[in-house]
Amino acid sequence: MLLLICCWFTAQSLAIDNSSLAQPPSSPSDASLKPRRNVVLVTLDGLRWQEVFRGADKRLISPDAGAKNIRETQERFLNADPMEAREKLMPFLWSTVADQGVIYGDAEQESFVHVTNNQHFSYPGYSELLCGFADPEVDSNAKKYNENVTVLEWLDEQPALNGRVAAFCSWDVFPFIINDQRSGVLVNAGWAPVSDLLDASGDANQQWVSELQRLDEIAAEIPHLWSAVRYDYITLEAARIYLQAKRPRVLYLSLGETDDWAHEGRYDLYLESAQRNDDYIRRIWETIQSMEEYRDNTTLIITSDHGRGDNRTAWKSHSASIPGCELIWAAAMGPGIGPGDRDAGQLTQSQIAATVAAAMGYDFTEDRPRVAEPLPCIKIEPQN
């Protein structure tokens, strides 16, 4: 069944080529609408810092750790040199993001990014990184609307950004985390349809409309292995089409398969998902660089919501009772973020929210004492 799913996605990837989509016609008003800054935030659910900085873990490519395609996985991902292994796993992260920007969280090099909530699972983690602080009242993954204001909601309240913030998420709990009812932020998550994101009867490019409709057709045809989490490919493509069609200033992309394959105990598929996610980020970045109003003035921030355990059994799970789940990682590149500054010592997940705002020229910490300061790689430069 999994082989059939992979073959289906390969065929559809070839069928859907958004790079050929026509750009919207320019108008005299385009120059006046050209934004000074944009930001794309990407989260990879439960992807461990160990794989990010050391590549595939040889101990876990074994049947008792859940891997099945042993020889193929070894040939594809293993390398005696950890630096080579991590580049095999996530080539875009290491050849582009780390080279042009910064990456934090290599615990073996005394670079730490700590989760400050005491839960070490998804809803509390996402709430912390989006709101800028850990809330002890957020203590489950239940579909309960977040009472805290995320940086996405706060940015959408700024006059220049109203209606120009969007979130595309594989996990269906995100409408509650971001509180789309109160915030008004567009949140497309889980197996929700994507074809209604554009008004087919309006002035939307009809090819974009048809591509979104095709994504819904794909989603209807393939098995839903997880009822609450759609495949990251659909999340990516919906976000890319929306990006080109609606030109949001702030885009949040949350990919979830790494965590779900880990919970399934499939280390081989966890690695494959991490590599695909790296390529999805490359696709988003190349789309951005192909568009004039995004090129060279967009900041990319990448992180995770929690860590995982570190042996053949514990790697599949995460909780406050499993050592190591409090450690994550974060990376950024874009205007004002130069190479280096990787040895920042103790950083926290709660610093991500203010970093997103700072990339847009806003101070999310002002009059908000609970919100952590931005990561040290970025300075707030107010908009003119």
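When reading the values below, keep in mind they use all heavy atoms of this one structure, side chains included, and skip hydrogens, waters and symmetry mates.
Using a 4.0 Å cut-off between a side-chain N of Lys or Arg and a carboxylate O of Asp or Glu, R308 and D259 qualify as a salt bridge. Ionic pairing of D172 and R230 is not present here: no N-O contact between side-chain nitrogen and carboxylate oxygen is shorter than 4.0 angstrom. In this structure, R282 pairs ionically with D279, as a charged nitrogen and a carboxylate oxygen lie closer than 4.0 Å. Remark: R76 engages E272 in a salt bridge, criterion side-chain N to carboxylate O under 4.0 Å. Remark: R59 engages D310 in a salt bridge, criterion side-chain N to carboxylate O under 4.0 Å. With respect to the salt-bridge test (charged N to carboxylate O, under 4.0 angstrom), the residues R214 and E217 qualify.
Between L327 and A107 the shortest heavy-atom distance is CD1-CB, 4.3 Å. Nearest heavy-atom pair across A331 and L93 is CB-CD1, 4.1 Å. Summarising the geometry of R312 relative to D64, their closest heavy-atom pair is CD-OD2, 3.1 Å, with the distance given to 0.1 Å. In this structure, C377 and A332 approach most closely via the heavy-atom pair SG-CB, 4.4 Å. The minimum heavy-atom distance linking Q349 with D305 is given by the pair NE2-O, 2.9 Å. In terms of heavy atoms, D156 sits closest to R164 at OD1-N, 3.8 Å.
Partner of L251 under the side chain to side chain contact (heavy atoms under 4.5 Å, CB included) criterion, chosen from V165, L41, L243, L152: L243. For the side-chain hydrogen bond (donor to acceptor under 3.5 Å, both in side chains) criterion with W261, the lone passing option out of H263, E257, E264 is E257. Each of Y242, Y233, Y280, Y252 was scored for a ring-ring contact (aromatic ring centres under 6.0 Å, His included) with F168, with one residue passing: Y242.
A continuous path of Ile, Leu, Val, Met, Phe, Trp and Tyr side chains, each step under 4.5 Å between heavy atoms, connects L236 with L197, placing both in one hydrophobic cluster. Residues L255 and I222 fall within the same hydrophobic cluster, defined by Ile, Leu, Val, Met, Phe, Trp and Tyr side chains chained together at heavy-atom separations under 4.5 Å. Note on V149 and L186: same hydrophobic cluster, where clusters join Ile, Leu, Val, Met, Phe, Trp and Tyr whose side-chain heavy atoms are under 4.5 Å apart, directly or indirectly. Linking ILVMFWY side-chain heavy atoms closer than 4.5 Å, directly or via other members, places M291 and I288 in a single hydrophobic cluster. The hydrophobic cluster containing L253 also contains F92, counting ILVMFWY residues as joined when their side-chain heavy atoms lie under 4.5 angstrom apart, directly or transitively.
In this structure, the side chains of L161 and Y362 come closer than 4.5 Å at one or more pairs of heavy atoms. Between L47 and M90, some side-chain heavy-atom pair lies under the 4.5 Å cut-off. Under the 4.5 Å side-chain criterion, counting only non-hydrogen atoms from C-beta, W329 is in contact with S304. Between L44 and V42, the closest side-chain pair of non-hydrogen atoms falls below 4.5 Å. Contact annotation: the side chain of S127 approaches that of N148 to within less than 4.5 Å [non-hydrogen atoms, C-beta and beyond]. Using a 4.5 Å cut-off on side-chain heavy atoms (C-beta onward), S254 and T235 make no contact. Between I284 and R240, some side-chain heavy-atom pair lies under the 4.5 Å cut-off. Residues R283 and E237 form a side-chain contact, since some pair of their non-hydrogen atoms from C-beta on lies under 4.5 Å apart.
Atom CD1 of I328 sits about 13.0 Å away from atom CH2 of W49, to the nearest 0.5 Å. From I241, atom CD1 reaches atom CG of L212 across 4.5 Å, with rounding to the nearest 0.5 Å. Of the inter-residue distances, the one linking F176 atom CZ with K143 atom NZ reads 6.0 Å to the nearest 0.5 angstrom. From S195, atom OG reaches atom CG of L215 across 9.0 Å, with rounding to the nearest 0.5 Å. To the nearest 0.5 Å, the span separating CG on L78 from CZ on R71 amounts to 13.5 Å. Here the CD-CG distance, from Q119 to N141, works out to 9.5 Å after rounding to the nearest 0.5 Å.
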Side chain to side chain contact (heavy atoms under 4.5 Å, CB included) evaluation trace for T365 with E373: CA-CA 7 Å; T365 68; E373 295 292 327; 3.9 Å; yes
Side chain to side chain contact (heavy atoms under 4.5 Å, CB included) between V39 and I301, intermediate numbers included: CA-CA 8 Å; V39 64; I301 301 168; 4.0 Å; yes
Stepwise side chain to side chain donor-acceptor pair (under 3.5 Å) check, T116 with E128: CA-CA 8 Å; T116 65; E128 177 184 336; 2.7 Å; yes
Chi angles and distances behind the salt bridge (charged side-chain N to carboxylate O under 4.0 Å, His left out) call for R54, D106: CA-CA 9 Å; R54 296 291 177 266; D106 187 350; 3.1 Å; yes
Residue pair Y126, D45: steps toward the side chain to side chain contact (heavy atoms under 4.5 Å, CB included) verdict: CA-CA 9 Å; Y126 287 120; D45 200 306; 2.8 Å; yes
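The closest donor-acceptor contact from the side chain of Q275 to the backbone of K88 lies under 3.5 Å. Under a 3.5 Å cut-off, the side chain of Q351 and the backbone N or O of T348 do form a donor-acceptor pair. Using a distance-only test at 3.5 Å, with no hydrogens or angles considered, no donor-acceptor pair links the side chain of N146 to the main chain of N179. Between the side chain of S273 and the main chain of Y270, no donor-acceptor pair closer than 3.5 Å is present. With hydrogens and angles disregarded, a donor-acceptor distance shorter than 3.5 Å links the side chain of D216 to the backbone of V194. The main-chain N or O of A219 is found under 3.5 Å from a side-chain atom of H224 such that the two form a donor-acceptor pair. Not one N or O on the side chain of H120 forms a donor-acceptor pair closer than 3.5 Å with the backbone of H318. In terms of modelled atom types and a separation under 3.5 Å, the side chain of W94 and the main chain of F53 share no donor-acceptor contact. Counting only distance, with no hydrogens or angles, the side chain of Y123 and the backbone of K144 share a donor-acceptor pair below 3.5 Å. The backbone N or O of N38 lies less than 3.5 Å from no partner atom in the side chain of N297, so there is not a single donor-acceptor pair.
In the model, N79 has no side-chain atom that pairs as donor or acceptor with a side-chain atom of D81 under 3.5 Å. For N117 and D135, the side-chain atoms include no donor-acceptor pair closer than 3.5 Å. Between the side chains of S170 and D232, at least one donor N or O lies within less than 3.5 Å of an accepting N or O.
Aromatic ring centres of Y231 and W191 lie closer together than 6.0 Å. Taking the ring centroids of F364 and W154, they lie under the 6.0 Å cut-off.
Within 6.0 Å of NZ on K246 lie no more than 12 heavy atoms contributed by other residues, nucleotides or ligands. For E147, the CD atom counts as loosely surrounded, since its 6.0 Å shell holds 12 or fewer non-hydrogen atoms of other residues, nucleotides or ligands.
Between F174 and W171, the ring planes are perpendicular. Angles over 60° get that label, and only those under 30° would be called parallel.
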